[in-house]
There are 2 protein chains.
Amino acid sequence: MQSKDKNTEQKILEAAKTAFMKYGLYGARMQDIADNAGINKALLHYYFRSKEKLFDQVFEGALSKYFEQMLVFSDTSLPVLERIFKYIDNIIDFLSEYPQMSMFIIKEISVDQEMFYEKVKMLKEDKGIHLISLLKEGQEKGEISNIDPVVFVMNLHSLCAYPFLASPIFKAIISSSASHWEDPGNNKLKASVKDFVAFRLAK
Amino acid sequence: MQSKDKNTEQKILEAAKTAFMKYGLYGARMQDIADNAGINKALLHYYFRSKEKLFDQVFEGALSKYFEQMLVFSDTSLPVLERIFKYIDNIIDFLSEYPQMSMFIIKEISVDQEMFYEKVKMLKEDKGIHLISLLKEGQEKGEISNIDPVVFVMNLHSLCAYPFLASPIFKAIISSSASHWEDPGNNKLKASVKDFVAFRLAK
DNA sequence: GTACAGTTTAACCAAATGGTTAACGCAAAG
DNA sequence: CTTTGCGTTAACCATTTGGTTAAACTGTAC
């Protein structure tokens, strides 16, 4: 029985993730989720009381995984630049596995900001990771240049995340420019981001 | 009468834009749009036959405005680098005015890619703008370095567009890092993008 | 004023939606 | 064998949804 529970709950979460990622909280349909999980609609409400509750679980899971990628920042055995390089690999591999993740998170935040503020606060206190403080620290130690940390963090995440967000656009635009685009393992992308970081943080 | 028509139609399009940008095609509600336009719901169907048709109009308008920003590329009186700098100013000013634009376009594309492919083809043939070909041209003339144009275009758009997409995230993260962020006129952002471009395209 | 066109509305409809209920199945416990 | 309790389902419900209809309104041309 226990195994059956887990299976059903997992199947629901899986189907819910797919649906919510694609259509968002309002756009996703409970019937769709039930169908894709291969179960009755009433079971959704048996396991998760309401659409909102189900959504919350999916969203929190996504956000949490996203934040997990930042654990490298706490690895004090590495110099700051190395940690950032590792983070770039992590985050790009992660987004490559869940390409709709950024979209999903951003989309839902734009609909309901309040919810997000609370959850970020929770997760950050939990994991205690701050790239910005890390940069300031590196600057004090003289390991990196004196750029504006906030602008840098923004640029860095832009370079990593946007290609996955906008991949449908790029596919269309590039194919219509008679160019083509292949980047197995996202190595070109990783290299170009690291190149940028090295350039910006060089003393 | 003519003016009244225009007014109503305009009010509807305005309200529809707001609703669709925030909730997407499926999430947006016709009643909401009617309310916000200050009219009866039936009028929506009088002016635009269906929800899809109304959405199409909004989406095409958005996409078209987006593409208009690329007209600088065709200004042969300027060297390639100058055109790109101007484009950066244009696109950032534009996104600053319509911060939900990228989100909206990307969101809907991820739901229905087919539709997008056709519309991009239409608009591009119409305006005939290709940054990638421009870069190749500049490389042949020896004006810019020999970077991979596709990677460069991706990086460039990442740096410009993502900050607006992710601004809710940044606000939350930055405020919880005891940092703060002000960038009137987006001048810091523009400067950092241009800095990146200059670095990448320098021979 | 009357006829006529385009514009606007209230009332309505069928379908879809999130959610509930009561009953059934079925394994484990007594 | 019966009871108990969780997992599951079909049938159902109230509300919301996009969409329609027929009548009312409004300004213009005759």
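Just so it is clear: chains get the letters A, B, ... in the order the sequence lines come, proteins before strands, and each one is counted from 1.
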Just how far, in rounded Å, is [atom2] of [N] from [atom1] of [X]?
X: Lys51(B); N: dT17(D); atom1: NZ; atom2: C1'; answer: 8 Å
X: Glu52(A); N: dG18(C); atom1: CD; atom2: P; answer: 10 Å
X: Tyr46(A); N: dT20(C); atom1: OH; atom2: P; answer: 15 Å
X: Ile12(B); N: dG18(D); atom1: CD1; atom2: C1'; answer: 15 Å
X: Met30(B); N: dA15(C); atom1: CE; atom2: P; answer: 19 Å
X: Arg49(B); N: dG19(D); atom1: CZ; atom2: P; answer: 10 Å
X: His45(B); N: dA11(C); atom1: NE2; atom2: P; answer: 19 Å
X: Ile39(A); N: dG19(C); atom1: CD1; atom2: P; answer: 14 Å

- Message: Let me spell it out: for each of Ala42(A) and Asn40(B), pick the nucleotide of DNA chain C with the closest heavy atom. Which residue's pick is nearer the 5' end?
- Response: Asn40(B)

- Between Tyr87(B) and His157(B), is a ring pair (Phe, Tyr, Trp, His ring centres under 6.0 Å) present by the stated rule, with each step listed? CA-CA 11 Å; Tyr87(B) 172 67; His157(B) 282 92; 5.7 Å; yes

- Task: Give the ring-plane orientation class for Phe59(A) versus Phe55(A), where under 30° counts as parallel, over 60° as perpendicular and anything between as tilted.
- Result: parallel

- Aromatic ring pairing Phe196(B)/Phe152(B), orientation class (parallel under 30°, perpendicular over 60°, tilted between): parallel

Less than 4.0 angstrom between a side-chain N/O of [X] and OP1 or OP2 of [N], yes or no?
X: Tyr47(B); N: dT8(C); result: yes
X: Ser50(A); N: dG18(C); result: no
X: Thr8(A); N: dT8(D); result: yes

- Note on the structure: Side-chain contact check for Leu43(B): nearest option of dG18(C), dT8(C), dT9(D) is dT8(C)

- Message: What's the closest nucleotide to the side chain of Arg29(A) if the choices are dG19(D), dG6(C), dG18(C)?
- Response: dG18(C)

- Query: Reckon Ala28(A) touches a base, only the sugar-phosphate, or nothing at all at heavy-atom distances under 4.0 Å?
  - Reply: sugar-phosphate

- Item | Under-4.0 Å salt bridge between Asp89(B) and Lys194(B) | yes

- Trace of the side-chain contact (heavy atoms from CB on, under 4.5 Å) decision for Lys188(A) with Glu182(A): CA-CA 9 Å; Lys188(A) 284 188 197 174; Glu182(A) 267 167 55; 6.0 Å; no

